Amino acid sequence: MAATKTAKEQKYDRQLRLWGDHGQEELENAHVCLINSTASGTEILKNLVLPGIGAFTIVDGHKVSGEDNRAQAATELLQELNTDVSGNFVEESPDKLLDNDPEFFHRFTLVIGVQLPESTCLRLGSVLWNANVPFLVCRTYGLVGYMRLVVKEHTVIESHPDNALEDLRLDQPFAELKSHIQSYDLEGMGKKDHGHTPWIIIVAKYLEKWFSEHNFQLPKNYKEKEAFKQLIRQGILKNEKGTPEVEENFEEAIKNVNTALNPTKISNGVDDLFNGEQCNDITSQTPAFWVMTRAVREFVQNDGGGNLPVRGSIPDMIADSEKFINLQNVYREKAMQDASVVSKHVESLLQSVGKPSESISEQDIKLFCKNAAFLRVVRCRSLAEEYSVETVNKDAITCSMDGADGEMVLYLMLRSVDRFYQQHSRYPGVYNYQVEEDISKLKLCVNSLLQEYGLNVSVKDDYIHEFCRYGAAEPHTVASFLGGSAAQEAIKLITRQFVPFNNTFVYNAMSQTTATFQL
Amino acid sequence: MVQLVGSLRKELADSLSACRVLVVGAGGIGCELLKNLVLTGFKNIEVIDLDTIDVSNLNRQFLFQKKHVGKSKAQVAKESVLQFCPTANITAYHDSIMNPEYNVEFFRNFMLVMNALDNRAARNHVNRMCLAADIPLIESGTAGYLGQVTVIKKGLTECYECQPKPTQKTFPGCTIRNTPSEPIHCIVWAKYLFNQLFGEEDADQEVSPDTADPELTWNPADTEARATASDQDGDIKRVSTKDWARSTGYDTVKLFNKDCLSESLFKDDIQYLLTMDKLWKKRKAPLPLDWLEIQKLGKILEVTGTGLKDQQVLGVAGYSQLFSRSVETLRSMLADKGDGAELVWDKDDPPAMDFVTAAANLRMHIFSMNMKSRFDIKSMAGNIIPAIATTNAVIAGLIVLEALKILSGDVEQCRTIFLNKQPNPRKKLLVPCALDPPSANCYVCASKPEVTVKLNVHKTLVLALQDKILKEKFGMVAPDVQIEDGKGTILISSEEGETEANNSKFLSDFGIRHGSRLQVDDFLQDYTLLVNVIHCEDLEKDVEFEVVGDAPDKAPTPPSAQEDKNVANGNKDSAEPSTSSKAPAEQDDVLIVDSDEEEPSSSTMDVRMESGGHKRKLHDAETGEASAKRQRLDQPLAADEEDDDIIALD
């Protein structure tokens, strides 16, 4: 039993604490494609190989020091870091693969493109967009780091929100909770039991009292909440002399009044998902996430009285074990019941589109119900939309250029050096003797970019000099930063936990600042 | 390197290859840092780490592989780096940076020192050494998704100790022995119990009921009398566990007769505690376990929680079985080691972890707390900080960029940088803040450091002054103390054998009274501190001394639903260096507040760190950079790495 811990659990102990065993399982099932094993590329992959992704494939047509193929060399070395990972490589340029076998890229969980020329990036972007394969574009350019996430739709069940409120239903107790509350008689119980009654029961009891005196309205404003707290305070036992005893559970109840009395309701975010078209039109192609969302919607409308399935967890509190566990079981069992109703809806939805009911597991449905209040969907714009003159997000660019020294100017410079590359088949400043003449050439590129997109912003000459000075170098320490950040996003995408950025991330290594934009 | 000249000025590139730097720590950050340094062009690097490689390092410390487990981190890191950068000139030390060999002269060999540490004691020490040698220091730490980098330069910036750090949470002995109120108290008790039975004897780790509990002193004679009476009855035990073990003549059969041991711990001791009725007037009294009864029930296992085995909560019967089994296993392990052997508690050693899980849970049950899974207990008992490759890679990247600024002579351009879990509401993943000037009142880097300490001169032993105040609180390694009484009386000498006789005397025995001044020197740290004594008779219960002007420790707030998911910072920091499982200095009294999540699939999986009782929401700290900084600086740097003994979290 507990003593037998697999070597894997031991090795991954420190990260299981962040994303759990099911997150680890997703990682181990993932096959990641890296294009270009440069400093940044190998940094990213290193940070994915160490935590144990299932497999990677490096696509790289470059050579290192003479004859050695870079893809092969990197694969062999990365493989050494973790024998659980299967490493593969293709000695070919991505352009060639796109020419001959674009479907090659369809097989991956995620494609990470590093240091790609603009044309390759756009071509690959469109292939992956159509195949619904997430694409993470990464780039280290001198003292600038850049990432762009391109994913049509990324659904997240476990978004790990900060400051989530508990789901206690005290304003609308379900039948089982009601009768459990009934089973307590605060007036009639002994001192020991009184001092060990969970605060949830205490609040619920006094809420019943409050309801009867206030026309079934929750205490809403500060004044009413204070009055309600006072009501609870009066319930603290008194000794023979009439002074109140110390009852920590009552103190806990009073402290929790504010959050515990939040009305149970469905957030706008989740409501939007319910009203989305993916939720309306269920077909045999509909992903499990949307089938479950629809099933929960059915539950809300037909079974839940307008509420989501009960989450089934309660916070730790002062209570004796027995009372706590009994209360916990009330919530837990209700959550299980609700999940099984949702499961019935899932089953009939699947049936209606001719799919076997096993195609979505009970466990997945339970997890989904538990997180129903926190569902998130990230939809990025495509690269085509970002690059097209018609659909460019001019507002985002112009607004962010207010300061002139923000990270947006770095984005425009990256676009400009790409333009330079298109015209000259090399990046500016790569050769020291050309730096001077490249400055004026790059300036032309900046201007033509701004003009083409009708951007009424100005870029300081300093940036043009600085980007020429970079000579498209990939300093390792910047690559290390980017490798960490990009791998972190990749892990979010693969585990489907936490919410990835949307959609552009820029890092300025000179000022140690970062920014995200929706472009 | 050709490319690098593109983004680095030639003079800078040249100075990189000529300068000598010191990396303190070769763990999570250290591995990434060494790689970044050599790939940026640093050539002369010295690295020191006392730790050895553990399996749980392999998910991030990429310079190590399975075959290296058990070997010196510094040495293997050096060898691995040389494989991809054979021209680097690396010196590795498998040693503690606090060893006196690494004196101020040693530190002066370097242009720059970079900390990649995991504990506060070593950070304090390196801070002082760098101040004494006037060498710039880059300090860093990570915990889960969070990280931080800062630069310390004598006279120009705050030093590591300018801002008082919350003191480590320690628990009064009587809370552990008599009145546990949180799971962590039971876990600490279980770890003490382990050491009492199988490990090194430590008088500070007593587990039996404490009759000297100050809460009882209203009538000690009464309690004593009752205790004596019950002793005579023979049915209630009040001797210490160790004494009891000794009384059996260390007869292993008797000592490890499971039922006998368990009866003693979970029934008799609790019954004895119940006789101290003063303790239970305002508390819920514990319920003794009827061990034999439970053994009968033993076959029925209650299990709650789903997921991995480790994340399940077994019932009382389950834990009693686990307890018996683990005692049996540990007993035979001890026997196999031969006479006089000791076991060292290690969270990664399954029987040791089982023992603590079982003993802590049984005690939690007795004291009406909700039991915890093995996974949770491991986090709390092992003070584990989650740690991943990505965060360390990011932080190590930032460190080298700060290093480049320092080497270019632009210390003014350096920043304290905080790494967030995700972009904050202002869409910033990184929050850089300008460095603050040194604090004039800092008791470390001020030109004439001075502190005022409140204590009772009649009750404070010279040994306590040395160990608890000067070493633990003020971070000295080998203090010398002279009384400014006009005669220059030497109270404590760091030379062995000179002043040991003073240890067991009270300060007042040497004429120290209200207003006395002590000059304290630590020659290794080249550090002199003037201590002003304020005599005080009404310190709080269990408080031996108080530093005037220190932020008072706030009472820990019970974890609430909201706070749970947030991170405070770095309990990682302990008063003692963290150690590998092999090192003897187990840090037991440094602890954490419990987290109450049940399974990691819930939202509470996020990192939660704790700083000395106050939890703080980092996310709140990000609304403005200035305020962000103030708020966050209160929190000590966390550290990746080996967690081993110091921290919490889920």
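Just so we're clear, the structure is a prediction, and the values are computed from it rather than from any experiment. Reminder, nothing fancy here: chain letters follow the sequence lines and each chain counts from 1.
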**Request:** Looking only at non-hydrogen atoms, find the nearest pair between A/Ser480 and B/Ala393 and report the distance.
**Result:** OG-O, 2.7 Å
**Item:** Toward chain A, the part of B/Met353 with a non-hydrogen atom under 4.5 Å
**Value:** neither
**Request:** Determine, stepwise, if the pair B/Lys372 / A/Asp316 fulfils salt bridge (Lys or Arg N to Asp or Glu O under 4.0 Å).
**Result:** CA-CA 11 Å; B/Lys372 301 230 160 244; A/Asp316 230 347; 3.7 Å; yes
**Item:** CG on B/Asn59 to CG on A/Leu81, rounded to 0.5 Å
**Value:** 12.0 Å
**Asked** Does any heavy atom of chain B fall under 4.5 Å from the side chain of A/Tyr507, the backbone, both, or neither of them?
**Response** side chain
**Message:** I'd like to check B/Ile388 versus A/Trp19 (side-chain heavy atoms, cut-off strictly below 4.5 Å). Are they in contact?
**Reply:** yes
**Item:** Within residues 44-51 of chain A, residues adjacent to chain B where the heavy-atom gap is under 4.5 Å
**Value:** A/Lys46, A/Asn47, A/Leu50, A/Pro51
**Item:** Minimum-distance pair of heavy atoms, taken over all atoms of A/Gln512 and B/Leu398
**Value:** OE1-CD2, 3.1 Å
**Request:** Output the option from A/Val478, A/Ile491, A/Asp320 having the highest count of non-hydrogen pairs under 4.5 Å with chain B.
**Result:** A/Asp320
**Message:** So that I can tick it off, tell me whether A/Glu80 and B/Lys66 are bridged by a salt bridge, with the cut-off set at under 4.0 angstrom between side-chain N and carboxylate O.
**Reply:** no
**Exam field: side chain B/Thr390 to backbone A/Ala487, donor-acceptor pair closer than 3.5 Å** = no
**Prompt:** Of the non-hydrogen atoms in A/Met317 and B/Asn370, which two are nearest, and what is the gap between them?
**Reply:** O-ND2, 4.1 Å
**Message:** Between A/Glu43 and B/Lys35, does the side-chain contact (heavy atoms from CB on, under 4.5 Å) criterion hold? Intermediate values first, please.
**Reply:** CA-CA 11 Å; A/Glu43 277 284 353; B/Lys35 169 207 70 189; 2.3 Å; yes
**Prompt:** Just how far is it from atom CG of B/Asn57 to atom CZ of A/Arg14, taken to the nearest 0.5 Å?
**Reply:** 7.5 Å
**Asked** For chain B, which of A/Lys191, A/Lys192, A/His196 has the most heavy-atom pairs under 4.5 Å?
**Response** A/His196
**Message:** Need one label for A/Leu482: side chain, backbone, both or neither, based on atoms under 4.5 Å from any heavy atom in chain B.
**Reply:** neither
**Straight-line distance of B/Gln422 CD to A/Ser159 OG, nearest 0.5 Å** = 9.5 Å
**Message:** For A/Leu18 versus B/Gly144, what's the shortest heavy-atom pair and its separation?
**Reply:** CD1-CA, 4.4 Å
**Request:** Side-chain contact test, heavy atoms from C-beta onward, threshold under 4.5 Å: evaluate it for B/Arg415 versus A/Thr513 and give yes or no.
**Result:** no
**Asked** Once you round to the nearest 0.5 Å, how far does NZ of B/Lys421 lie from CZ of A/Phe498?
**Response** 5.5 Å
**Request:** State whether the number of non-hydrogen atoms from other residues, nucleotides or ligands found under 6.0 Å of A/Glu245 atom CD is greater than 12.
**Result:** yes
**Prompt:** Between B/Asp376 and A/Arg17, is there a side-chain N and carboxylate O pair less than 4.0 Å apart?
**Reply:** no
**Prompt:** Any idea which of B/Ile417, B/Leu401, B/Ile395 has the most non-hydrogen atom pairs under 4.5 angstrom with chain A?
**Reply:** B/Leu401
**Main-chain N/O of A/Gln10 paired with B/Ser56 side-chain donor or acceptor, under 3.5 Å** = no
**Complete:** One should read off an interatomic distance between B/Leu419 CG and A/Phe481 CZ, to the nearest 0.5 angstrom, of 7.0 Å
**Exceeds 12 heavy-atom contacts within 6.0 angstrom, atom OH of A/Tyr431** = no
**Asked** Does any heavy atom of chain B fall under 4.5 Å from the side chain of A/Ala479, the backbone, both, or neither of them?
**Response** neither
**Request:** Give, for atom CZ of B/Phe375 and atom CD of A/Glu9, the distance between the pair rounded to the nearest 0.5 Å.
**Result:** 8.5 Å
**A/Thr83, part contacting chain B, at a heavy-atom distance under 4.5 Å** = neither
**Complete:** Looking only at B/Val400, B/Leu63, B/Leu37, B/Leu404, the option with the highest number of non-hydrogen pairs under 4.5 Å against chain A is B/Val400
**Request:** Mind listing the closest non-hydrogen atom pair of B/Pro423 and A/Thr516 along with its distance?
**Result:** CG-CG2, 4.0 Å
**Request:** Can you see which heavy atom on B/Gly397 is nearest to which on A/Thr477, and at what distance?
**Result:** O-OG1, 2.7 Å
**Request:** Answer whether the closest heavy-atom distance between the side chains of A/Gln15 and B/Arg60 falls below 4.5 Å.
**Result:** no
**Message:** Does any backbone or side-chain atom of B/Gln413 lie under 4.5 Å from a heavy atom of chain A? Answer side chain, backbone, both or neither.
**Reply:** neither
**Message:** Need one label for B/Leu58: side chain, backbone, both or neither, based on atoms under 4.5 Å from any heavy atom in chain A.
**Reply:** both
**Side chain, backbone, both or neither of A/Glu466 within contact of chain B (heavy atoms, under 4.5 Å)** = neither
**Message:** Would you say that A/Met510 contacts B/Lys405 through its side chain, given a criterion of any heavy-atom pair below 4.5 Å between the two side chains?
**Reply:** no
**Contact check, side chains of B/Lys428 and A/Glu407, non-hydrogen atoms, under 4.5 Å** = yes
